[in-house]
Each structure stands twice: as C-alpha cells, then as structure tokens.
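Since the structure comes first, as structure tokens, the remarks are kept for the end.
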Amino acid sequence: MSDLLAIEPHQVNVDGYRCLELNHPAGGRLRVTLQGAQVISWQTASGDEQLYLSPKPTPDPGDPIRGGVPICFPQFNQRVLGAAKLPKHGFARTLNWKLKTHEASTGLCRVTLELNHDDLPPSLRSHWAHRFVATLKVSLAPNQLQLQFSARNTGSDPWPFALALHTYLRVSDIANVQLNGLQGVQYWDAVRHLSDPGATQVQSANSLSFSAETDRVYKNPPHALTLKDTARTLLIEQSSQFTETVVWNPGQDLCTRLADMPADGYRHMLCVEAAKIDEAVTLAAGQSWTGSQTLTVAVN
Ligand code: TA6
C-alpha cells in the first residue's frame, strides 16, 4: 500500500508511558499505550480530543491508567468469574501488549496489538493457567475510531471470560451531556442495588442526564446510542456480541476518593462501555470471540 510509510506508527512517550502514535493523512491522531493496549488519546481532524485522560498520575507505576479505553479482560470489576482470583477488571489493562501489524489504506489506518499467556507474570499464571491470544485492532478514519477485540483459546481446555471496552469519553461538562437511545431498556443500578444484582429497572426517559454518581449495566441495549454535548454529537455503536452497555460517572463524592482523578475530573468524563458481563463467554479449544465498539463524531 503506497501510503504505508507515511503513516507508520511511531513511538512517543506520554507521561512516562510508551505509546504508538498514528497520524491520519486526512487529519486525526491516535495514541495507544503498550501497557494495556489502551487508546489514551483520539483527536479528530479539527484537533479536538474525544477521550478523557486524567491529568493526575497513577499512585504507582504499572497501575491501571485512568482514562482512554481500558480493556477489562478476562474479568469485569470483580463480579463475573466468581472464584477466579483475578485483579479488578482483569489483567489486560496493566500488562504490556506487543505491536503485531500496522496497515493503511486511503481512508483508514490501523494498528493491531496482541497479548498472550506468555505475557503473564508467574503471580498471575497461578490464577489464570489458560492459553489464549487477545488481539486489539484499533482503526482510525476521519471522525471515527473503531476498537475490535478478539480472544482465542489456543489451549486444549475451555475457559470463561468477561470483557468491557471501558471507554472514557471527554465531555465539556457532565451537566451539559445527554445520552440518548436507552428508553425502554432494562438496567441494573450498581449504586442503589450493589448487593442485589437481580434488582432491575427499566429506563423510562429517552435522554439520560447526569447529576450524581451513575453506575448502570444496561441489558440488551440498542446497537447505537448518541451522546449530545454542547459542541458535538457522538454516535456510539457496539457490535451484537457485546450484550450489555455500562454507563459510569463517579460523581463528585466518589471522584474525590479516587487517587488518580482530580477533584473535578468527574465533570469532564462519561464512560459508555461495550460490555459482555452478565454472563461470561466460554471459549472451547480453538474457538474465538470478536466484538467491536465504534465512535463517530458529528459536529452539532
Ligand atoms: O465500569 C464501571 C466500574 O466497574 C465502576 O463500578 C467503577 O469501579 C469503575 O468501573 C472504575 O473502576 P477502576 O478499577 O478503574 O477504578
């Protein structure tokens, strides 16, 4: 492909993290850390940042990065895999992934990163002995970001996993934001019913706005939602393999207790997460699973 060299990803250091940076020939820039294969920055051709990244450092090097798109795999929170003693939100977000390939065509540039069982330190292998390959394809097009995650069982025994693309969207102020498209969808409210996962409600209004801590798991949501902010509308799509959408904002009180967030950080972010968490996926030997989230910006 003739323009491959022109948009080859180069390595940059952002706040001490090794990142791959991709610049789209038509404008737009993407940064992905090797720790966690975490997209920490996505700017559209206008130069506007679309993702939230906390300006506060993490308490310790190697801790999860607060912002961008953390990959929660093979566990979500500490909820899904029961007895497996895995870190909160799994191990994928704190381990170093490897760049496998990069591709380019006129409308799109893409990097593919990979993590497999050999990347796990012995302390984790004792809790997760399964053989796997996890792949993240990150594609940048004008005004569009797509993340496609795949997991493959390369061993001979089946194993289960949960997953979320824990996307932190940057917003002008959480008070200005409406998330549309969830009307009629059943959800579990983790703020009100943490100890009762069976306590579900139905979203009555089409427009969801945010004035306090929000942590909800929407079940069988529609394929596409829209986020309306003052200066932009964002289309948020997830493929059907993701059967839940998690909506999270810590609100003022919880935010002050998060060591890696500034006190007003909650005002500038909203997580809308493509998730597979109500039931774990079980992969038989040789089997794969793939799902994607796509974000498209339209200016108001
Ligand atoms: O996705 C929502 C959630 O599970 C919340 O309950 C909250 O804990 C959030 O993720 C962030 O988790 P973290 O481990 O990154 O602080």
Side-chain angles (χ1 to χ4, degrees), residues 15 17 33 35-40 51-82 84-95 124 147 149 161-171 174 177 179 182 185 187-197 199-200 208 210 212-219 221 225 227 236 238 242-263 265-280 291 293:
D15 300 336
Y17 295 105
T33 57
Q35 176 183 321
Q38 195 155 329
V39 177
I40 55 163
L51 300 176
Y52 175 82
L53 178 66
S54 172
K56 263 187 111 175
T58 55
D60 291 305
D63 279 352
I65 301 167
R66 176 74 63 194
V69 189
I71 298 172
C72 305
F73 170 86
Q75 172 64 300
F76 179 77
N77 206 304
Q78 276 154 335
R79 293 180 195 145
V80 191
L81 298 190
K85 291 190 178 59
L86 292 170
K88 183 181 177 194
H89 286 323
F91 49 67
R93 62 179 181 164
T94 52
L95 296 180
L124 277 171
L147 289 103
F149 176 92
F161 73 89
L163 171 71
L165 302 177
H166 198 302
T167 307
Y168 285 72
L169 302 169
R170 167 168 283 280
V171 299
I174 193 70
V177 163
L179 185 64
L182 288 165
V185 180
Y187 67 93
W188 172 63
D189 186 333
V191 177
R192 294 177 62 193
H193 300 294
L194 188 58
S195 55
D196 184 4
T200 57
L208 185 60
F210 304 89
E213 181 182 354
T214 305
D215 191 353
R216 296 180 177 184
V217 178
Y218 284 88
K219 296 154 188 293
L225 304 178
L227 181 84
I236 305 164
Q238 65 184 46
F242 283 110
T243 46
E244 290 79 42
T245 297
V246 180
V247 179
W248 183 61
N249 180 284
Q252 188 168 17
D253 292 349
L254 175 57
C255 193
T256 56
R257 285 181 270 128
L258 296 174
D260 54 3
M261 284 277 268
Y266 75 97
R267 290 178 52 188
H268 302 296
M269 50 126 326
L270 178 69
C271 288
V272 181
E273 310 166 30
K276 182 69 194 158
I277 56 175
D278 268 359
E279 280 179 21
Q293 186 187 50

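Both ligands and their constituent atoms are indexed starting at 1 by order of listing.
Between L86 and L81 there is a side-chain heavy-atom pair separated by less than 4.5 Å. Inter-residue side-chain proximity for C271 and V246 is flagged as unmet; no heavy-atom pair is nearer than 4.5 Å.
Screening residues 266-279 for salt bridge (Lys or Arg N to Asp or Glu O under 4.0 Å) gives D173-R267, K219-D278 as the qualifying pairs, with residues at least two apart or on separate chains.
Relative orientation of the Y187 and Y218 rings is tilted, given thresholds of 30° and 60° on the angle between their planes. The aromatic rings of H166 and W248 sit perpendicular to each other, their planes meeting at more than 60°, with 30° as the lower class boundary.
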In a simple table, one pair per line, please give the protein and ligand 1 atom names for every N or O pair closer than 3.5 Å, along with the distance.
| residue | atom | partner | partner atom | Å |
| --- | --- | --- | --- | --- |
| ligand 1 | 1 (O) | H166 | NE2 | 2.9 |
| ligand 1 | 1 (O) | E273 | OE1 | 3.0 |
| ligand 1 | 1 (O) | E273 | OE2 | 2.8 |
| ligand 1 | 4 (O) | N77 | ND2 | 2.9 |
| ligand 1 | 4 (O) | H89 | NE2 | 3.4 |
| ligand 1 | 6 (O) | N77 | ND2 | 3.3 |
| ligand 1 | 6 (O) | D215 | OD2 | 2.6 |
| ligand 1 | 8 (O) | K88 | NZ | 2.8 |
| ligand 1 | 10 (O) | H89 | NE2 | 3.0 |
| ligand 1 | 10 (O) | H166 | NE2 | 3.0 |
| ligand 1 | 12 (O) | K88 | NZ | 3.2 |
| ligand 1 | 12 (O) | H89 | NE2 | 3.4 |
| ligand 1 | 14 (O) | K88 | NZ | 3.1 |
| ligand 1 | 14 (O) | R93 | NH2 | 3.0 |
| ligand 1 | 15 (O) | R66 | NH1 | 3.2 |
| ligand 1 | 15 (O) | R93 | NH1 | 2.9 |
| ligand 1 | 16 (O) | R66 | NH1 | 3.1 |
| ligand 1 | 16 (O) | R66 | NH2 | 3.0 |

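Between the CD1 atom in I71 and the OG1 atom in T167 there is a gap of 9.5 Å [rounded to 0.5 Å].
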